[in-house]
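Working notes, structure below.
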Amino acid sequence: MKHSKDFIVSTADVAFFVNDMLAFTGTTSLNTSIAVSMEDQEITGGKGNKVLYKYKYGRKLAPSIEMAEWNLGYLAANVGSTIFEGLKDVFSVAECVSLKNGTGNLKKVPVGKVYVEKPDGSTIEVTPDGTTITVGESNDSVLATYQYSTNVKRVTVDTQSAPFIGRLVLSADKHNNKKGKVGEVQIEVPSFQLNGTFDISLEAGGNTTTKLDGDALAVEGACCSDGSVYAYISEIPSAESAVAVTEIAATPAVLNLKVNETQPVHIIGIKGGLYSNVSIDSSDCVITSENSATATVENGIVTGVASGTTYINLAYGDIKDVIQVNVD
């Protein structure tokens with residue numbers, strides 16, 4: 001569409017996998033970003049010490065994620081700890097208890113002593129009887145702090161565990177200024193290690209956020225030609241679309257066959273610019289022999305029939321190429 005533009009809007013949803021198992025997802029991110037950096041070395045020389053070349057090296061990729069929601073899984077991955085579920089003694093802090101004739105009831109069964117703050121600011125220790133405490137004989141309100149046992153989820157921050165390494169996936173919507181949402185952009189980091197640094201900021205205004213920073217680690221790519229990779233960035237359209245092929249190249253350009261010998265034809269589509277070549281199935285092309293008495297072609301397979309030379313014509317839409325066939 002003329003003058004239409006695509007944009008990535010808002011932040012991305014997040015998924016993190018450890019040992020090919022989903023560790024957590026996040027759909028309330030405040031910020032998701034990828035920083036890619038490289039170092040360079042200048043080569044200078046000549047009159048005026050001109051910059052003749054810059055050698056680029058040391059590429060790094062560092063994802064950063066800030067989540068609005070509280071999720072214990074974020075912290076567990078960051079410290080390299082599993083989430084424990086079970087009984088643990090926890091605190092009830094400054095629970096308001098109304099006393100009648102000095103006696104009041106707690107919400108939980110305490111474990112050990114109960115520390116009571118009286119209206120005059122003093123603190124005393126009280127031994128409870130079940131959930132009942134007795135503080136003097138007056139009708140009053142006090143604040144009780146004590147431990148009680150309950151089932152919890154817990155992450156331990158120890159001194160030695162290293163952050164988890166896993167697969168990070170970021171998925172963001174792609175919009176068009178004339179069409180609305182037209183797809184998504186997905187960034188996959190096959191090996192992402194959190195840096196283990198985080199802050200838990202409990203503020204009066206707003207909500208507590210969790211920030212996950214780390215670095216991509218180089219891994220072998222999905223294809224041999226990829227070499228070592230940090231990440232893959234993919235565009236996923238809402239509807240199928242593709243950049244048109246501008247040329248085709250049939251290989252081999254010259255076929256040397258014996259009578260009754262066969263050989264398949266391979267067809268490459270060339271898009272040019274920044275796009276890589278693509279394979280084209282022979283069934284998507286019209287392939288004909290100029291002289292079937294010398295060589296025939298069927299389903300992309302060329303067969304030598306009799307001695308001589310002929311040509312195989314290939315057409316992919318309006319784009320054409322030709323192969324010379326020599327039969328001995």
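Every heavy atom of this structure was used, including side-chain atoms; hydrogens, water molecules and symmetry mates were not.
- The aromatic rings of Tyr55 and Tyr57 sit parallel, their planes meeting at an angle under 30°, below the 60° perpendicular limit.
- Hydrophobic clustering places Ile8 together with Leu170 (ILVMFWY residues linked when any side-chain heavy atoms are closer than 4.5 Å, directly or through intermediates).
- Within a 6.0 Å sphere centred on CD of Glu137, other residues, nucleotides and ligands contribute 12 heavy atoms or fewer.
- Here Lys320 contributes atom NZ and Ile248 contributes atom CD1; the two are 10.0 Å apart, rounded to the nearest 0.5 Å.
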Please evaluate residues Asp281 and Ser283 with respect to the criterion side chain to side chain donor-acceptor pair (under 3.5 Å), reporting the C-alpha separation (whole Å), side-chain torsions for both, the decisive distance (0.1 Å), and the verdict. CA-CA 5 Å; Asp281 196 292; Ser283 62; 2.7 Å; yes
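- Note that CG of Asp215 and OG of Ser64 are 10.5 Å apart. Values are rounded to the nearest 0.5 Å.
- Atom-to-atom distance recorded for Leu212:CG and Phe24:CZ is 5.5 Å, nearest 0.5 angstrom.
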Yes or no on side chain to side chain contact (heavy atoms under 4.5 Å, CB included) for Trp70 and Leu75, after CA distance, side-chain angles and deciding distance? CA-CA 9 Å; Trp70 173 264; Leu75 302 185; 3.4 Å; yes
Go through the steps for Thr310 and Thr294 under the test side chain to side chain donor-acceptor pair (under 3.5 Å), then give the verdict. CA-CA 7 Å; Thr310 188; Thr294 301; 5.4 Å; no
Between Val169 and Gln186, is the side chain to side chain contact (heavy atoms under 4.5 Å, CB included) condition met? List the steps. CA-CA 7 Å; Val169 178; Gln186 201 166 92; 3.9 Å; yes
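- Atom CG of Asp284 is surrounded by more than 12 heavy atoms from other residues, nucleotides or ligands within 6.0 Å.
- One distance of note links OG of Ser282 with CG of Leu314; it measures 9.0 Å at 0.5 Å rounding.
- Atom CD of Glu188 sits about 11.5 Å away from atom CD1 of Ile233, to the nearest 0.5 Å.
- For the atom pair OG1 (Thr262) and CG (Leu255), the distance works out to 10.5 Å, reported to the nearest 0.5 Å.
- Side-chain contacts under 4.5 Å among hydrophobic residues (ILVMFWY), followed directly or transitively, place Val229 together with Val219, Tyr232.
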Evaluate side chain to side chain donor-acceptor pair (under 3.5 Å) for Thr127 paired with Lys113, printing each intermediate quantity in order. CA-CA 5 Å; Thr127 301; Lys113 297 284 188 179; 3.0 Å; yes
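- Criterion: ILVMFWY side-chain heavy atoms under 4.5 Å apart, direct or through other members. Under it, Tyr230 and Ile187 are part of a common hydrophobic cluster.
- Proximity of a side-chain donor or acceptor of Ser228 to a complementary backbone N or O of Glu220 within less than 3.5 Å is not detected.
- Remark: side-chain polar atoms of Asn176 are not paired, donor with acceptor, to backbone N or O of Val182 under 3.5 angstrom.
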Determine whether Val90 and Thr150 satisfy the following criterion, side chain to side chain contact (heavy atoms under 4.5 Å, CB included), listing intermediate values before the conclusion. CA-CA 7 Å; Val90 296; Thr150 189; 3.7 Å; yes
Please step through salt bridge (Lys or Arg N to Asp or Glu O under 4.0 Å) for the pair Glu235 and Lys174, ending with a clear verdict. CA-CA 9 Å; Glu235 285 191 5; Lys174 183 175 74 168; 3.1 Å; yes
Kindly determine whether Glu85 and Asn151 satisfy side chain to side chain donor-acceptor pair (under 3.5 Å), including the steps that lead there. CA-CA 7 Å; Glu85 289 189 77; Asn151 281 306; over 6 Å; no
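- Each side chain to side chain donor-acceptor pair (under 3.5 Å) pair with one or both residues in residues 246-260, not counting sequence neighbours, appears once here: Asn256-Asn326.
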